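Each remark here refers to the structure printed beneath this line.
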2 protein chains.
Amino acid sequence: MNIGEIAEKSGLPAKTIRYYEDIGLVMPNRSQNGYRHFNDTDLHKLTFLARARTLGFSIEDCRTLMALYEDETRASADVKDIATQHLDRIDDKIAQLQSMRETLSHLVAECAGDNRPDCPILNDLAYHRE
Amino acid sequence: MNIGEIAEKSGLPAKTIRYYEDIGLVMPNRSQNGYRHFNDTDLHKLTFLARARTLGFSIEDCRTLMALYEDETRASADVKDIATQHLDRIDDKIAQLQSMRETLSHLVAECAGDNRPDCPILNDLAYHRE
DNA sequence: CCTTGACCTTCCCACTACTGGAAGCTCTAT
DNA sequence: ATAGAGCTTCCAGTAGTGGGAAGGTCAAGG
């Protein structure tokens with residue numbers, strides 16, 4: 001498979017696949033013309049990566065998860081640790097966003113949104129005291 | 001005020017304040033020795049920016065919001081539009097994170113987390129079909 | 001007067017995870 | 001022969017800092 005084909009099959013843009021090769025996540029062979037040549041194992045890896053990225057894992061987490069996946073002597077505890085930490089980070093982010101959301105939605109609700117200049121949103125930004 | 005003092009008062013790192021000058025968000029005067037010299041207006045602007053950033057507005061949003069703040073003939077509708085769009089982006093992000101959270105928490109719950117290799121998390125990554 | 005240490009300056013690199021674009025080579029079909 | 005699609009590498013840029021080098025400035029102490 002050339003890069004275009006595997007891009008379609010894996011759902012990852014060709015650019016991204018080249019980038020993953022750059023950072024050593026996949027190592028496709030090369031044809032004589034210099035084109036990357038991907039096999040089914042590469043496709044499987046890329047699909048794995050695409051799924052892990054969809055779940056929000058960082059590239060470094062993905063690297064570790066792939067290594068664990070390929071290590072038949074792994075302990076599932078190691079995988080669970082990574083996932084749990086990731087989950088904690090997600091929870092932190094959600095909490096942070098919800099706090100923003102809370103404040104913003106109040107301000108938006110209070111703002112008349114007409115052609116007059118008075119605006120509670122700007123007042124908050126200018127004079128907010130924690 | 002020198003940069004150290006205003007950094008402390010505004011709560012922004014000196015590095016960040018220099019960056020904000022670079023991109024034209026603040027324009028402090030310079031003393032004869034070349035040091036930046038900030039006045040109360042600068043402090044007010046930086047505090048405004050710090051608050052806007054806390055609420056998650058992008059730098060470009062901040063630039064627009066500051067311009068509106070300084071424009072006495074503004075329409076509050078323009079401010080409300082920016083805030084509403086930002087709120088929508090936040091809602092999107094929260095939804096995305098909660099979807100990840102949902103999937104991940106199930107997988108984590110199913111994983112034994114012991115020293116055996118079998119792991120539902122890796123199975124999902126490797127064989128997930130949407 | 002000299003030195004020390006805390007400030008300040010500019011400049012450049014690194015980070016995350018790509019994305020876009022330019023210049024140029026290869027393949028396929030007409 | 002040529003057009004167009006697909007491939008290659010390399011370079012630059014994104015957002016918003018953070019880290020650190022190399023060097024100028026200032027105030028206090030000996």
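So that the names make sense, note that chain A is the first sequence line, chain B the second, and so on, each numbered from 1. A quick note: this is a predicted structure, and the numbers were derived from the prediction, not measured.
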Can you find a side chain N or O atom of [X] that sits less than 4.0 Å from OP1 or OP2 on [N]?
X	N	result
R53(A)	dC18(C)	yes
R36(A)	dT8(D)	yes
R30(B)	dT10(C)	yes
N33(B)	dC8(C)	no

- Message: Which nucleotide wins on minimum distance to the side chain of I59(B), given the candidates dT17(D), dT9(C), dT8(D)?
- Response: dT17(D)
If I take atom [atom1] in residue [X] and atom [atom2] in nucleotide [N], what distance separates them, rounded to the nearest angstrom?
X	N	atom1	atom2	value
D22(A)	dT19(C)	CG	P	14 Å
L49(A)	dT16(C)	CG	P	16 Å
R18(A)	dT19(C)	CZ	P	13 Å
L12(B)	dG16(D)	CG	P	13 Å
I17(A)	dC7(D)	CD1	P	10 Å
I6(B)	dT9(C)	CD1	P	12 Å
E5(A)	dC27(C)	CD	P	16 Å
H37(A)	dC27(C)	NE2	P	14 Å

- Query: Are side-chain N/O atoms of S76(B) and D114(A) paired as donor and acceptor at under 3.5 Å?
  - Reply: yes
- Is the number of heavy atoms from other residues, nucleotides or ligands within 6.0 Å of CD (E70(B)) greater than 12? yes
- Query: Does a sphere of radius 6.0 Å around CG in D22(B) hold more than 12 heavy atoms from other residues, nucleotides or ligands, not counting ones at 6.0 Å or beyond?
  - Reply: yes
- Task: Tell me which of K15(A) and T16(B) sits closer to the 5' end of DNA chain D, going by the nucleotide each one is nearest to.
- Result: K15(A)
- Task: Report the residue (F57(B) or Y35(B)) whose heavy-atom-nearest nucleotide on DNA chain D is the more 5′ of the two.
- Result: F57(B)
Donor-acceptor pairs are to be reported for all side-chain atoms of residues 88-97 of chain B against protein atoms at under 3.5 Å, with residues two or more places apart or in another chain.
{"from": "R89(B)", "atom 1": "NH2", "to": "D61(B)", "atom 2": "OD2", "distance (Å)": "3.0"}
{"from": "D91(B)", "atom 1": "OD1", "to": "R101(A)", "atom 2": "NH1", "distance (Å)": "2.6"}
{"from": "D91(B)", "atom 1": "OD2", "to": "R101(A)", "atom 2": "NH1", "distance (Å)": "2.8"}

- Indicate, with a heavy-atom threshold strictly under 4.0 Å, whether I3(B) touches base, sugar-phosphate, or nothing. sugar-phosphate
- Query: With ring centroids as reference points, do Y127(A) and H44(B) lie under 6.0 angstrom apart?
  - Reply: yes
- Item | Whichever of Y20(A) and N2(B) has its nearest DNA chain C nucleotide further upstream toward 5' | N2(B)
